[in-house]
Undergrad: 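A single structure is presented below for examination.
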Amino acid sequence: MGRIMRSPLFLMALTIFIDFTGFGLVIPLLPFWAQHLGANPFEVGLILTIYALAQFLFTPVLGSLSDRYGRRPIILASLAIEALAFALTALAPNLLFLLLARFIGGLGASNIGSAQAVVSDVTPPHERAKGMGAIGAAIGLGFVVGPALGGILAPLGAALPFWVAMGVALLNALLVFFLLPETHKSHERTMRKGGPILLISGWQKAVRYPVVVRLVLINFLFTVAFSAMEAIFPLFAQAKFHWGATQNGYAFTYVGFIVVIMQGGLVGRLVKRFGERSLLIAGLALLALGLALLAISSSLALLLIALGVLSIGDGAVTPTSSALLSFSTPGDAQGELLGLSQGAGGLARVLGPMAAGSLFLIGGASAPFISAALLTLVALAIALPRLPKAPPQLQQPTEELVEVEALSR
């Protein structure tokens, strides 16, 4: 048990869980806090958009810095920035100040690429998808616990949840400071080279590796499709089944539960049997099928089947695409290019809900899901040509990899 507690992979998953618990704690409350400051519906949406925009801009930058200076200091700095952003949110006297606070919060939350790079550092290739799945499961659990905690705290004071989220971020920083070791050893050689740092754009570096561009594009299209579903599902359920907030909450809990089971337990076993590429293709196919079924759902049974199928697909795609990306990326650019993929995902989470809302108004309740299914099929077509896999000499654990694997468990 003590060995597990000291595992960098376990500590990173715990850090991400705490991080997203704090994020999930405030997300359901932000629209009401914005309205308290005089925001109209468009400005409420802008608060969410500016957060995602900051993630799009800064996730590759933080990933690049983690390649040069190490994962630990960048993750620590990002958690400190998050804590500051929560405090500024609680103290915001007007809407402009709140927008600035949320932009800073998006900068602080741009550490997911660095967190995935930690997983890449400490897991051998044949365990990479399982490690990425642990991070995904931690994110899912954070989104379950965070909103529930926010709901408990909200009646005690409008600003209290933001102060608690700040405390959670500071606690997380202490956890990283005292327990998480530096996992990226090659950064020491990079730092010793000296000279001014030149941060090459993630896209400029990515174009050197065509497979990286394909995988980033797959992640972008898949995230647009899934975030569109998340954004418009409550309106769809209201129109088709007359559901309110409570029923939609149960539906999203059902989705989250399946995704956590997939990423937290099943992905590692499935990858060992079928491989990352096959599981990615199957996941995209299931997601497209689930979205198509959702569009034609006219009964509760079909709705639950559709949600279950697309949740299984989501749980398969996220860790396998990240694992394949890490196989395609040189060791000194893992943080930057994994960060680029996460940044593209941030942009997708801006565009997906906007597109879904427009399609809902123009084409009706089912149109966003049909369009999302078609986007997923495009991602599937991009995934069908040959993708990288774990290098043959690394598919089975060598003596060195056995030692790394033991640390990650």
Undergrad: Before you tell me yes or no, could you show the steps for Leu91 and Trp163 under side-chain contact (heavy atoms from CB on, under 4.5 Å), namely the whole-Å CA-CA distance, both residues' side-chain angles and the distance that decides it to 0.1 Å?
TA: CA-CA 10 Å; Leu91 295 171; Trp163 291 115; 3.7 Å; yes
Undergrad: Check the pair Leu62, Leu107 against side-chain contact (heavy atoms from CB on, under 4.5 Å), reporting the backbone distance first and the verdict last.
TA: CA-CA 9 Å; Leu62 264 61; Leu107 165 59; 4.0 Å; yes
Undergrad: Is there a side-chain contact between Phe233 and Leu303, using heavy atoms and a 4.5 Å cut-off?
TA: yes
Undergrad: Could you tell me the separation between the CG atom of Leu37 and the CG atom of Leu95, rounded to the nearest 0.5 Å?
TA: 7.0 Å
Undergrad: Keeping the roles fixed (side chain from Tyr69, backbone from Ile74), state whether a donor-acceptor pair exists under 3.5 Å.
TA: no
Undergrad: Between Glu276 and Val271, is there a donor-acceptor pair closer than 3.5 Å when you use the side chain of the first and the backbone of the second?
TA: no
Undergrad: Measuring only between side-chain heavy atoms, which start at C-beta, is Val259 closer than 4.5 Å to Thr318?
TA: no
Undergrad: Within this structure, what is the CG-OG1 distance for the pair Leu270 and Thr320, rounded to the nearest 0.5 Å?
TA: 10.0 Å
Undergrad: Can you measure from CG (Leu294) to CG (Leu287) and round to the nearest 0.5 angstrom?
TA: 10.5 Å
Undergrad: Would you call Met262 and Asp314 a side-chain contact if the rule is heavy atoms closer than 4.5 Å?
TA: no
Undergrad: For the residue pair Trp33 and Phe162, does the interplanar ring angle fall in the parallel (under 30°), tilted (30 to 60°) or perpendicular (over 60°) class?
TA: tilted
Undergrad: Looking at Arg72 and Phe177, would you say the former's side chain and the latter's main chain have a donor-acceptor pair under 3.5 Å?
TA: yes
Undergrad: Side-chain contact, heavy-atom cut-off 4.5 Å: Thr15 with Leu180?
TA: no
Undergrad: Mind checking the CG-CG spacing from Leu289 to Leu284? Nearest 0.5 Å is all I need.
TA: 12.5 Å
Undergrad: Do the non-hydrogen side-chain atoms of Leu221 and Ile382 ever get within less than 4.5 Å of each other?
TA: yes
Undergrad: Would you check if the side chain of Arg102 reaches a backbone N or O of Thr89 as a donor-acceptor pair within less than 3.5 Å?
TA: no
Undergrad: Report yes if some heavy atom in the side chain of Ile232 is under 4.5 Å from a heavy atom in the side chain of Phe369; otherwise report no.
TA: yes
Undergrad: Rounded at 0.5 Å granularity, tell me how far CG in Leu53 sits from CZ in Phe58.
TA: 8.5 Å
Undergrad: Who passes side chain to side chain donor-acceptor pair (under 3.5 Å) against Ser78, sequence neighbours left out?
TA: Asn111
Undergrad: Is there a donor-acceptor pair closer than 3.5 Å between any side-chain N or O of Ser227 and the backbone N or O of Val224?
TA: yes
Undergrad: Measuring from Leu293:CG to Leu304:CG, what's the distance to the nearest 0.5 Å?
TA: 12.0 Å
Undergrad: Taking all non-hydrogen atoms of both residues, which atom of Arg214 and which atom of Pro385 are closest, and how far apart?
TA: NH2-O, 3.0 Å
Undergrad: Over all heavy atoms of both residues, which pair between Ser366 and Phe236 is shortest? Give the atoms and the distance, please.
TA: OG-CE1, 4.1 Å
Undergrad: Please find the pair of heavy atoms, one from Ala225 and one from Thr376, that lie closest to each other, and give the distance.
TA: CB-OG1, 3.4 Å
Undergrad: Which heavy atom of Tyr51 sits nearest a heavy atom of Ala109, and at what distance?
TA: OH-CB, 3.1 Å
Undergrad: For Phe97, I'd like to know if atom CZ has over 12 heavy atoms of other residues, nucleotides or ligands within 6.0 Å.
TA: yes
Undergrad: Please report the shortest heavy-atom distance between Ile258 and Ser311, naming the atom on each side.
TA: CG2-CB, 3.7 Å
Undergrad: Of the non-hydrogen atoms in Leu215 and Ser321, which two are nearest, and what is the gap between them?
TA: CD2-O, 4.4 Å
Undergrad: Tell me the ring-ring contact (aromatic ring centres under 6.0 Å, His included) pairs involving residues 258-280, sequence neighbours left out?
TA: none
Undergrad: With side chains defined as the heavy atoms from C-beta onward, is the minimum distance between Leu310 and Leu286 less than 4.5 Å?
TA: no
Undergrad: With side-chain contact (heavy atoms from CB on, under 4.5 Å) as the criterion, how do Glu82 and Leu79 come out once you've worked through the C-alpha distance, each side chain's angles and the decisive distance to 0.1 Å?
TA: CA-CA 5 Å; Glu82 275 192 88; Leu79 291 171; 3.6 Å; yes
